[in-house]
Novice: 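After the structure tokens below, expect a handful of questions from me.
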Amino acid sequence: MAEFKQSTKLHNVLYDIRGPILQAAQQMEAEGHRILKLNIGNPAPFGFEAPDAILVDMIRHLPHAQGYSDSRGIFSARTAVSQYYQTRGIQNIHVDDIYLGNGVSELITMSLMALLEEGDEILIPTPDYPLWTASVALAGGRPVHYLCDEESGWQPDLEDLEAKISPRTKGIVVINPNNPTGAVYPESTLRKIVALAEKHGLVIFADEIYEKILYEDAVHVNMAGLTGDDVLCLTFSGLSKAYRVCGYRAGWMGISGPKKDASDYLEGINLLANMRLCANVPAQHAIQTALGGYQSINDLILPGGRLLEQRNKAYDMLNAIPGVSTQQARGALYLFPKLDPEVFHIRDDEKFVLDLLKEQKILVSHGRAFNWVRPDHFRMVTLPNVKDIEEAIGRMGDFLSRYQGN
């Protein structure tokens, strides 16, 4: 019998958020255990529902959504995205500069596949959303991680970023608001990144999927509003998080900057878009209604809103556990707590997370799954209601009071 093995292209591709730990949790569920899943930012299982107007509009369009659309997406949805960016002061993302995708994830992979030659480098923050690192590796590139400084609220270390630019560097990834840390970057920091990209002739990949999930006085600045016509900028966003429809897979990529100088690259993106034919059409019909309608996400992030109250409760309780500290999230749906290495002698953070799962039936993600440099962090989502957060973190505290490390 012939033996079939995975391609060597996958040897450096990792996505541990859905890796062995999740498989262990699924096995435990199959054995009858109830697992509290704090590992993935999926709002629906925690009682967050899509706005009714989105559901109604999708249902009404179903009879007309049975065939393929334009490979870039239906015109009305792309127009709505373009007009949204116009309201943000961005005038150079036009309808034909927008590609709709089966979530942002598909578009990230497409954008990197179209650009990278073997060994080309992309600068990615650490910690990161690991799909970026995995997609660079899958495209034949080399992910190079620039540090974000925990003591400065997880802001990018711009000296480290610049020091890691090489002749093979093609682009810089900026995740803002950040997953997993919840950091929101000030305009001054973003302008310095733009200046570096212009100086070295780099593409900016702006992952802004959490741009509407901001707390208190946090302000989101779209990178494309700063790059203007001088730096090629690919902006990624979508409906999954702010509109609570992860399963619809409705994302977009907007391209701005010196597009004439990138015509060959953009032709490659167009080729890949044509090869996948189109994004799922029913979900495309949700975009215009979502962007143009009542922004119910604001009810969740303002005082008294679920997301804000849950974030606050998780932050307070985590910081009350001896040996645990976390920076407050200013955006997104996560906290990224630190486990003091002087208190917890953890050499393998994946084993720590697995030990927590087996004893307390709580599933979180280990820090090195986000390409963090040391085994001293984990990520948890702040989507459960306050009562469940109290129970989960209370059980974590009990576990950690007895945990000596591994």
Side-chain angles (χ1 to χ4, degrees), residues 1-31 35 37 39-42 71 101-145 166 168-171 173 175 179-180 205 207 236 246-247 249 251 253 265 268-269 271-280 347-355 357-358 363-375 378-379 406:
M1 294 290 289
E3 183 179 2
F4 298 95
K5 296 183 178 181
Q6 67 175 243
S7 167
T8 56
K9 295 192 297 289
L10 298 179
H11 285 183
N12 295 315
V13 177
L14 297 174
Y15 194 70
D16 284 346
I17 296 177
R18 291 179 178 265
I21 297 171
L22 178 60
Q23 294 169 10
Q26 291 170 337
Q27 178 61 39
M28 292 173 66
E29 285 184 316
E31 294 169 357
I35 307 298
K37 296 177 181 175
N39 62 318
I40 295 177
N42 185 17
S71 63
N102 296 301
V104 165
S105 303
E106 177 187 52
L107 297 166
I108 288 172
T109 302
M110 284 172 50
S111 69
L112 293 167
M113 284 285 190
L115 178 67
L116 296 180
E117 299 286 359
E118 194 76 25
D120 284 346
E121 297 174 356
I122 297 291
L123 289 161
I124 304 169
T126 177
D128 71 344
Y129 173 51
L131 181 75
W132 281 104
T133 295
S135 294
V136 169
L138 182 62
R142 177 174 173 257
V144 177
H145 293 97
S166 80
R168 296 302 304 268
T169 305
K170 295 295 184 182
V173 174
I175 305 172
N179 172 13
F205 299 89
D207 184 342
F236 301 85
C246 292
R249 313 310 299 134
M253 174 177 66
Y265 173 36
I269 291 176
L271 170 64
L272 294 176
N274 288 336
M275 287 172 61
R276 58 94 205 236
L277 300 180
C278 67
N280 81 85
R347 296 186 300 273
D348 184 342
D349 55 349
E350 185 172 1
K351 185 177 185 303
F352 157 73
V353 167
L354 192 58
D355 290 342
L357 171 66
K358 289 178 176 177
L363 178 60
V364 298
S365 300
H366 60 295
R368 287 193 294 184
F370 304 91
N371 295 291
W372 181 236
V373 292
R374 290 179 293 275
F378 67 93
R379 189 194 75 168
N406 54 52

Novice: For L357, check side-chain contact (heavy atoms from CB on, under 4.5 Å) against everything at least two apart and list the hits.
Specialist: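 Counting only residues at least two positions away or on another chain, L357 forms a side-chain contact (heavy atoms from CB on, under 4.5 Å) with I21, A24, A25, M28, I35, L354, L363.
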Novice: Just checking, any donor-acceptor pair under 3.5 angstrom between side chains of N39 and R379?
Specialist: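 Absent: no donor and acceptor within the cut-off.
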Novice: Scan residues 121-133 for pairs that pass salt bridge (charged side-chain N to carboxylate O under 4.0 Å, His left out), counting only residues two or more places apart or in two chains.
Specialist: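 Listed once each, the pairs are E121-R142.
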Novice: Name all residues meeting the side-chain contact (heavy atoms from CB on, under 4.5 Å) criterion together with V173; count only those two or more places apart in sequence or in a different chain, and write none if there are none.
Specialist: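 Testing V173 for side-chain contact (heavy atoms from CB on, under 4.5 Å), a comparison that skips the adjacent residues, returns I122, I124, P125, W132, I175, F205.
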Novice: Answer whether the closest heavy-atom distance between the side chains of D348 and F352 falls below 4.5 Å.
Specialist: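 D348 does not reach F352 side chain to side chain.
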Novice: P375: what forms a side-chain contact (heavy atoms from CB on, under 4.5 Å) with it, not counting sequence neighbours?
Specialist: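 Partners of P375 by the side-chain contact (heavy atoms from CB on, under 4.5 Å) criterion, ordered by chain and then number, come out as D349, R368.
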Novice: Might you work through the side chain to side chain contact (heavy atoms under 4.5 Å, CB included) test for M253 and F236, ending with a clear yes or no?
Specialist: CA-CA 5 Å; M253 174 177 66; F236 301 85; 3.5 Å; yes
Novice: My understanding is that only residues two or more places apart in sequence, or in another chain, count here; which of them pass side-chain contact (heavy atoms from CB on, under 4.5 Å) with N280?
Specialist: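 For N280, the residues satisfying side-chain contact (heavy atoms from CB on, under 4.5 Å) (neighbours in sequence not counted) are N102, R249, P282, A283.
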Novice: Between the side chains of Q23 and Q27, does any donor sit under 3.5 Å from an acceptor?
Specialist: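 On atom types as modelled, these side chains do not qualify, holding no pair under 3.5 Å.
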Novice: So, using side chain to side chain donor-acceptor pair (under 3.5 Å) as the criterion, who are the partners of K37 when residues are at least two apart?
Specialist: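 If we apply the side chain to side chain donor-acceptor pair (under 3.5 Å) test to K37, skipping adjacent residues, the hits are E29.
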Novice: As an exercise, state the distance from CG of L277 to OG of S71, rounded to the nearest 0.5 Å.
Specialist: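 It comes to 8.5 Å.
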Novice: Under the side chain to side chain donor-acceptor pair (under 3.5 Å) rule, collect the residues that match up with T126, sequence neighbours excluded.
Specialist: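 T126 satisfies side chain to side chain donor-acceptor pair (under 3.5 Å) with no other residue.
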Novice: With sequence neighbours left out, write down each residue that passes side chain to side chain donor-acceptor pair (under 3.5 Å) with T109, or none if nothing qualifies.
Specialist: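 For T109 the side chain to side chain donor-acceptor pair (under 3.5 Å) partners, ignoring immediate neighbours, are S135.
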Novice: Got a sec, which pairs hit salt bridge (charged side-chain N to carboxylate O under 4.0 Å, His left out) with one end in residues 108-118, sequence neighbours left out?
Specialist: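 Every candidate salt bridge (charged side-chain N to carboxylate O under 4.0 Å, His left out) pair involving residues 108-118 fails, so no pair, neighbours aside, qualifies.
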Novice: Among residues at least two apart in sequence or on other chains, which ones pass side chain to side chain donor-acceptor pair (under 3.5 Å) with T8?
Specialist: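 Side chain to side chain donor-acceptor pair (under 3.5 Å) check on T8 returns nothing, list empty.
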Novice: Nearest 0.5 angstrom please: L138 CG to T133 OG1, how far?
Specialist: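 One finds 12.5 Å between CG of L138 and OG1 of T133.
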Novice: Under the salt bridge (charged side-chain N to carboxylate O under 4.0 Å, His left out) rule, what pairs show up with a residue in residues 101-111, not counting sequence neighbours?
Specialist: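 Sorted pair list: E106-R276.
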Novice: How long is the straight-line distance from CG of L22 back to CD1 of I40, given to the nearest 0.5 Å?
Specialist: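 One gets 5.5 Å once the value is rounded to the nearest 0.5 Å.
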